[in-house]
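All chains are named by letter (A, B, ...) in the order of the sequence lines, taking the proteins before the strands, and each is independently numbered beginning at 1.
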2 protein chains.
Amino acid sequence: MKIGELAKLTGCSVQTIRYYEKEKLLASKRRSEGNFRLYDQSAVGQLMFIKNCRSLDLALSEVRQLIELNQSPGMHCDDVNKMIDNHIEQVEQRMKELEGLRRHLTSLRDSCSTNRTVEECGILRNLSAKQLENP
Amino acid sequence: MKIGELAKLTGCSVQTIRYYEKEKLLASKRRSEGNFRLYDQSAVGQLMFIKNCRSLDLALSEVRQLIELNQSPGMHCDDVNKMIDNHIEQVEQRMKELEGLRRHLTSLRDSCSTNRTVEECGILRNLSAKQLENP
DNA sequence: CTTGACTCTATAGTTACTATAGAGTTTAAA
DNA sequence: TTTAAACTCTATAGTAACTATAGAGTCAAG
């Protein structure tokens with residue numbers, strides 16, 4: 001199949017597939033006479049693997065590591081576990097940050113009611129304050 | 001004062017200050033004989049305003065809008081309120097996404113115990129699955 | 001007068017794509 | 001058979017908000 005069909009099957013864009021190839025995450029060995037990329041069913045699997053990883057917010061560098069690991073079936077998979085553990089931590093960390101941010105924004109929003117002018121705006125006054133407390 | 005002192009006072013890096021100037025978020029009118037940027041106390045305030053906005057994850061384009069608004073003290077500040085409301089929504093949206101991600105990662109992690117080989121690794125097997133359910 | 005600390009501009013790199021230009025290829029209809 | 005549409009190719013630039021570097025100039029102290 002050609003790149004367009006692979007794109008449709010996997011839900012990736014054509015450019016993205018070419019980008020993954022350039023980044024050595026996906027090999028396309030064969031080309032047609034007219035120099036078009038040709039793929040088989042295994043390419044669908046490889047691309048879905050990448051897509052699944054990306055839906056978990058894994059970086060392409062991490063995906064690359066996983067692909068390499070996948071190629072040594074006999075090795076221990078501790079590194080995979082570590083990577084996922086690490087990722088869970090990062091996600092939880094970011095959630096905490098966002099919770100702080102949310103509280104901060106909400107209290108900022110409460111400092112201004114409607115029908116004020118810019119001059120009176122509590123939000124702008126707060127933003128101009130020398131230092132914003134970091135909760 | 002020169003750019004290094006401004007950087008120290010505000011906690012921004014020297015390059016960041018120059019970058020803000022290029023992006024027209026911060027004006028530096030005066031230069032020394034030797035072409036060094038010269039700042040006064042008001043620059044500290046302007047830079048802290050930007051820094052405060054950034055600590056709330058406001059985009060530089062939004063900061064630019066706020067700076068412009070700040071220059072028309074008589075106008076209504078509804079746009080400021082809208083921007084912050086909008087931002088709160090975005091933060092909450094991202095928090096929901098991350099919560100889904102966290103659950104997803106956790107259940108993935110549970111699919112593999114220690115002391116397995118890559119071949120047996122539940123995580124890799126799951127990632128290879130044609131479609132990852134999107135909870 | 002030279003050393004070191006500072007500053008200047010311009011440029012490239014980061015991440016994971018997306019968008020474009022300009023060219024060639026294939027398929028279908030007129 | 002021609003031609004038009006739809007597809008593909010490569011190469012390049014853009015995105016956001018910086019950070020890092022090169023190579024040059026400025027300034028104060030010793």
*Would you please confirm or rule out a distance under 4.0 Å between OP1 or OP2 of C:dA16 and any side-chain N or O of A:Arg64?*
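Negative; the distance criterion is not met.
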
Please give, in whole Å, the distance from [N] [atom2] to [X] [atom1]?
X	N	atom1	atom2	answer
A:Lys51	C:dC17	NZ	P	11 Å
B:Ile3	C:dC6	CD1	C1'	11 Å
A:Glu23	C:dC17	CD	C1'	10 Å
B:Asp57	D:dA16	CG	P	15 Å
B:Ile17	C:dT9	CD1	P	13 Å
A:Leu6	D:dC9	CG	P	11 Å

*Partners passing side chain to side chain donor-acceptor pair (under 3.5 Å) against B:Arg31 (at least two apart in sequence or in another chain)*: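 With neighbours one apart ignored, the set is B:Asn35.
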
*Excluding sequence neighbours, so at least two apart, what forms side chain to side chain donor-acceptor pair (under 3.5 Å) with A:Asp78?*
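Once residues adjacent in sequence are excluded, A:Asp78 has no partner under the side chain to side chain donor-acceptor pair (under 3.5 Å) criterion.
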
_Salt bridge A:Glu99-A:Lys96, side-chain N to carboxylate O under 4.0 Å_ = no

_Looking at B:Ile3, is its backbone amide N or carbonyl O close enough to the side chain of B:Arg18 to form a donor-acceptor pair, meaning the two atoms are under 3.5 Å apart?_
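Flag not set: sc B:Arg18 to bb B:Ile3 has no pair under 3.5 Å.
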
*Would you confirm whether A:His76, through its side chain, and B:Arg116, through its main-chain N or O, come within 3.5 Å as a donor-acceptor pair?*
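Here the side-chain-to-backbone pair exists.
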
*asked:* Using a 4.0 Å heavy-atom cut-off to protein, can you give one letter per nucleotide of nucleotides 17-30 of chain D, 5' to 3': B if the base is in contact, S if only the sugar-phosphate is, - if neither?
replied: BBSB----BSS---

*So among B:Glu21, B:Lys2, B:Met1, which one has a side chain to side chain contact (heavy atoms under 4.5 Å, CB included) with B:Arg37?*
B:Glu21

*Earlier contact from the 5' end, DNA chain C, for B:Lys8 and B:Arg37*: B:Lys8

